[in-house]
Each structure stands twice: as structure tokens, then as C-alpha cells.
Undergrad: 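My questions will all concern the structure given below.
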Amino acid sequence: MSLRINDIAPDFTAETTHGPVSFHDWIGDGWAVLFSHPKNFTPVCTTELGAMGGLQPEFEKRGVKIIGISVDPVESHEKWKNDIRTATGFNVDYPLIGDKDLKVAKLYDMLPAGAGESSEGRTPADNATVRSVFVIGPDKKIKLVLTYPMTTGRNFEEILRAIDSIQLTSKHQVATPANWKQGEDVIITAAVSNEDAIARFGYYDTVLPYLRKTKQPG
């Protein structure tokens, strides 16, 4: 069964570059991004993990922890960090899960059940579906799922943009339009009456009977 938005993110224990982790305990009362990559010492993945290292302060500003995972062992992660720093200029200071028995990858539906029980001998192509992103809220529910093809490096600025929207809309009865960015106008949801919209937001613009825009609430 595939994981869907609003499903509880499966809990697990795993070895990481920061020591053993119990996932739900590690998340605590905050937000988390679990992102995977097909294999260490591969070109696209190297740029991705460096990009996340560079953006780590932006995630922290939003109260979001980040954790990476691949089916490589922890020892391989540690060796790879120098290459990532050389290629991108950024350190990997966030934890990386060593999922060498494929348990977490299967738990999160990133690999089929018949993928085996060991990372040994696996090529990047064997792990092609393991380029996924899960955004998880304080309630431990999945808020966003993205899976990219092997040849397409992810835009982690988009992950931040999505988190800004998810966090905003979890507090207020608003939604965000296409290409929305922090500080731009938002959409008032249908659950809010016109009278209530005035009381809450003070102003709104009726673009269409079902499309009302207002300033982003503070």
C-alpha cells in the first residue's frame, strides 16, 4: 500500500551518521524532511546533498529538521562527505541514515518488496525509485510526497516554498495559489464565509465567486 498525504509516517529505528535514531522521537514536536537518494558517490546525488547542506539554516528557521537516507552503509556516508564538500562547498552536518538492509526504503514504498534484503551489489539503477522527499508535520503525518527520476536533481528551494505554504495553511483557513511565495497574497478557503473573511482578514478581493484573495496573514 502506497503512503499518501495525511498517513502517519512509519516509525523506524536506524543507524545514522549521528548515531542511532528512533524516527518519531527524533522528529519530536517539530517538522521534518526525510529525503532519499539512489547511491553514494554518484554525480547528481553529490550535488543534492551539498545543496541541502547549504540550505540547512533555512530549514532550521522554519523549525524543520532534515535527514537523508540511502541504502548505503553509514561508513560509506562518512567517506562521501569530503567529496560533497569538494564539489559543492557545503558540509553535510545533518544525519544520513544507512539503510543497508533496505528496511526503511521498503517501509516508505521506495523499493519493491522483491528488492532483496541487502544493499550489497546494488547499482544506482536498482535504486532508481529512491529519490523521494517526505515532509512530515509535528503530528507525524505526511504532508507532502515527491519522487524524482534519477537524472533530475531536485529543487530544494521548492521544498522550502512548499513548507512555507504548508505551515501557513495549517494555522489559517487559507490556501496558496500557483507559484506562490512567502509574503504574497493567499486564497481564502471555501469554508470561510464572506462575513467571516472580513472579520478575520479585514479585506479581500473577489476574483471569481469561488476565488477570493487576501493579504498573507501574519
Side-chain angles (χ1 to χ4, degrees), residues 2-7 9-10 23 26-27 30-40 42-70 84-85 87-97 104-105 108-110 124 127-189 211 213-218:
S2 297
L3 292 173
R4 300 181 181 184
I5 289 174
N6 287 328
D7 284 349
F23 190 50
W26 178 81
I27 295 173
W31 295 72
V33 171
L34 171 68
F35 75 103
S36 58
H37 64 276
K39 197 168 179 65
N40 293 356
T42 55
V44 176
C45 299
T46 299
T47 65
E48 288 188 317
L49 270 74
M52 278 298 261
L55 288 172
Q56 187 172 359
E58 291 299 319
F59 285 95
E60 290 174 347
K61 285 179 188 176
R62 293 159 171 83
V64 181
K65 294 180 176 180
I66 57 178
I67 188 167
I69 177 175
S70 78
I84 295 169
R85 183 168 53 250
T88 69
F90 296 112
N91 292 317
V92 176
D93 293 328
Y94 50 88
L96 298 176
I97 297 167
V104 180
Y108 276 76
D109 199 35
M110 293 185 281
N127 307 325
T129 56
V130 190
R131 196 188 289 285
S132 300
V133 179
F134 297 87
V135 175
I136 300 161
D139 56 3
K140 309 303 184 291
K141 290 183 178 180
I142 294 171
K143 307 299 182 182
L144 175 146
V145 181
L146 292 170
T147 300
Y148 283 64
M150 282 191 60
T151 53
T152 303
R154 286 163 286 194
N155 182 341
F156 290 106
E157 294 279 1
E158 165 60 13
I159 309 300
L160 283 169
R161 188 194 76 87
I163 289 170
D164 284 340
S165 172
I166 294 165
Q167 291 185 337
L168 175 68
T169 59
S170 71
K171 295 177 182 177
H172 305 278
Q173 284 186 293
V174 297
T176 56
N179 302 320
W180 174 87
K181 293 179 182 177
Q182 188 75 266
E184 296 180 348
D185 287 357
V186 297
I187 295 168
I188 302 170
T189 65
L211 176 54
K213 287 190 172 183
T214 190
K215 299 296 182 184
Q216 176 181 323

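Model, not experiment: these values are computed from the prediction.
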Undergrad: Can you tell me which residue pairs pass the ring pair (Phe, Tyr, Trp, His ring centres under 6.0 Å) test with a partner in residues 158-185, sequence neighbours excluded?
TA: none
Undergrad: Sequence neighbours left out, what passes side-chain hydrogen bond (donor to acceptor under 3.5 Å, both in side chains) with Thr214? Give chain and number order.
TA: none
Undergrad: Determine the minimum heavy-atom distance between Ser2 and Asp109, stating which atoms define it.
TA: OG-OD2, 3.2 Å
Undergrad: Taking side-chain hydrogen bond (donor to acceptor under 3.5 Å, both in side chains) as the test, write out the residues that go with Gln167, two or more places apart.
TA: none
Undergrad: Write down the atom of Ser170, the atom of Trp31, and the distance for their closest heavy-atom approach.
TA: OG-CZ2, 4.3 Å
Undergrad: Indicate yes or no: at least one non-hydrogen side-chain atom of Thr42 is less than 4.5 angstrom from one of Met150.
TA: no
Undergrad: Is there any ring pair (Phe, Tyr, Trp, His ring centres under 6.0 Å) pair reaching into residues 148-167, and which pairs are they, with sequence neighbours excluded?
TA: Phe35-Phe156
Undergrad: Within the 4.5 Å heavy-atom criterion, are Val44 and Thr151 side-chain neighbours or not?
TA: no
Undergrad: Does Lys39 have any salt bridge (charged side-chain N to carboxylate O under 4.0 Å, His left out) partners at least two apart in sequence or in another chain, and if so, which?
TA: Asp72
Undergrad: Run through Leu34, Ile97, Val104 and flag the one making a side chain to side chain contact (heavy atoms under 4.5 Å, CB included) with Phe23.
TA: Leu34
Undergrad: Which residues satisfy the side-chain hydrogen bond (donor to acceptor under 3.5 Å, both in side chains) test with Asn91, sequence neighbours excluded?
TA: Arg85
Undergrad: With sequence neighbours left out, write down each residue that passes salt bridge (charged side-chain N to carboxylate O under 4.0 Å, His left out) with Lys215, or none if nothing qualifies.
TA: Asp185
Undergrad: Can you list everything that forms a side-chain contact (heavy atoms from CB on, under 4.5 Å) with Pro43? Sequence neighbours excluded, please.
TA: none
Undergrad: Among all residues two or more places apart in sequence or in another chain, which pass the side-chain hydrogen bond (donor to acceptor under 3.5 Å, both in side chains) test with Glu184?
TA: none
Undergrad: Only pairs at least two apart or in different chains count here, so list each salt bridge (charged side-chain N to carboxylate O under 4.0 Å, His left out) that has a residue in residues 163-174.
TA: Arg62-Asp164
Undergrad: Is a side-chain donor or acceptor of Gln216 paired with a backbone partner of Val186 at a separation under 3.5 angstrom?
TA: no
Undergrad: According to the salt bridge (charged side-chain N to carboxylate O under 4.0 Å, His left out) rule, which pairs have a member within residues 130-148, sequence neighbours left out?
TA: Glu48-Arg131, Asp139-Lys143
Undergrad: Taking all non-hydrogen atoms of both residues into account, name the closest pair between Ile166 and Val135 and its distance.
TA: CD1-CG1, 4.5 Å
Undergrad: Do Arg154 and Leu146 come within less than 4.5 Å of each other through their side chains, counting heavy atoms only?
TA: no
Undergrad: Excluding sequence neighbours, so at least two apart, what forms side-chain contact (heavy atoms from CB on, under 4.5 Å) with Ser132?
TA: Ser36, Met110, Phe134, Thr147
Undergrad: What I'd like to find out is whether the side chain of Leu96 reaches to under 4.5 Å of the side chain of Leu49, using heavy atoms alone.
TA: yes
Undergrad: So, Tyr94 side chain and Lys65 main chain: donor-acceptor pair closer than 3.5 Å or not?
TA: no
